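Data block below; observations after.
If you're wondering where the values come from, they're calculated on a predicted model, not measured in any experiment. For reference, positions follow the sequence shown, starting with 1.
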Amino acid sequence: MTVRILICDELPVIRDGMRTLLDAVPDFEVVETTDNGMDAIVLARTTRPDVVITDLALQGMSGLEMIRRLGKENLDPSPNIVVFTLSDTDETVSDVLHAGASGLLGKDASPEELVTAIRVAATGRTM
């Protein structure tokens, strides 16, 4: 099964680097990237990703608000969300999980940890 991925980050170098990394994984397909929370919702509707990887800092709307709104979209299937951010305080972790994300990774995570987090999220489990 191919895991379809939407990448959301306001920094082009992060989006492009993550796309290059993930496109090299045989069963991953990056369907789109964006720097904007509203665009992410529209893209989730049209591209139907299995997993959305997002930072909390996005243009247009925060990643946290985007996660909340995606949860209300009634997409079938609903994408699982991995937050990839610099902030990993207890409050951030709590906010992210309560909003509906499957997990949170710090931007200091290794490529292997990112791939594992995506695989876990794709199966519907929380990390």
### Task
Specify the closest pair of heavy atoms between L21 and P111, including all atoms of both residues, with the distance to one decimal.
CD1-CB, 3.7 Å

### Task
Determine, stepwise, if the pair L86 / D108 fulfils side-chain contact (heavy atoms from CB on, under 4.5 Å).
CA-CA 8 Å; L86 286 173; D108 59 346; over 6 Å; no

## Note on the structure
Looking only at heavy atoms, the pair that brings T33 and V30 closest together is CG2-CG1, 4.1 Å

### Task
Please report the shortest heavy-atom distance between P79 and P49, naming the atom on each side.
CB-O, 3.4 Å

## Note on the structure
Rounded to the nearest 0.5 angstrom, the CZ-CD1 distance for R45 and I41 is 6.5 Å

### Message
I'd like to know if the side chain of S78 reaches the main chain of L75, judged simply by a donor and an acceptor atom lying under 3.5 Å from each other, with no hydrogens or angles considered.
### Response
no

### T123 side chain reached by R119 side chain, heavy atoms, under 4.5 Å
no

### Query
Is there a donor-acceptor pair closer than 3.5 Å between any side-chain N or O of D39 and the backbone N or O of T34?
no

### Message
On a heavy-atom basis, which atom in V93 and which in L104 lie closest, and how many Å separate them?
### Response
CG2-CD2, 4.2 Å

### Message
In the structure I gave you, are the side-chain heavy atoms of I118 and V3 within less than 4.5 Å of one another anywhere?
### Response
yes

## Note on the structure
Value for CZ (R19) from CD (E29), rounded to nearest 0.5 Å, stands at 9.0 Å

### Query
Do V25 and D23 come within less than 4.5 Å of each other through their side chains, counting heavy atoms only?
no

### Query
About how many Å separate CG of D50 and CD1 of I5, when rounded to the nearest 0.5 Å?
8.0 Å

#### Entry: Donor-acceptor contact below 3.5 Å, side chain T46 vs main chain V42
yes

### Message
On a heavy-atom basis, which atom in T54 and which in G63 lie closest, and how many Å separate them?
### Response
OG1-CA, 4.3 Å

### Task
Using a 4.5 Å cut-off on heavy atoms from C-beta on, say whether the side chain of F28 contacts that of V51.
no

### Query
If every non-hydrogen atom of M18 is compared with every non-hydrogen atom of L114, which pair is closest and at what distance?
CG-CD2, 3.9 Å

### Query
Does S62 offer a backbone N or O that forms a donor-acceptor pair with the side chain of E65 under 3.5 Å?
no

### Task
Look up atom CG in D9 and atom CG in D35, then write down how far apart they are to the nearest 0.5 Å.
9.0 Å

### Message
Please report the interatomic distance CG(D27) to CG(L22), rounded to the nearest 0.5 Å.
### Response
10.5 Å

### Message
Given 3.5 Å as the limit, does a donor-acceptor pair link the side chain of R15 with the main chain of I7, or not?
### Response
no

### Query
Quick one: do D76 and R48 make a salt bridge, cutoff under 4.0 Å?
no

## Note on the structure
Result for side-chain contact (heavy atoms from CB on, under 4.5 Å) between C8 and one of D55, V52, I53, L56 points to V52

### Task
Indicate yes or no: does E73 engage R69 in a salt bridge with an N to O separation below 4.0 Å.
no

### Query
What is the distance from atom CG of N36 to atom CD of E10, rounded to the nearest 0.5 Å?
10.5 Å

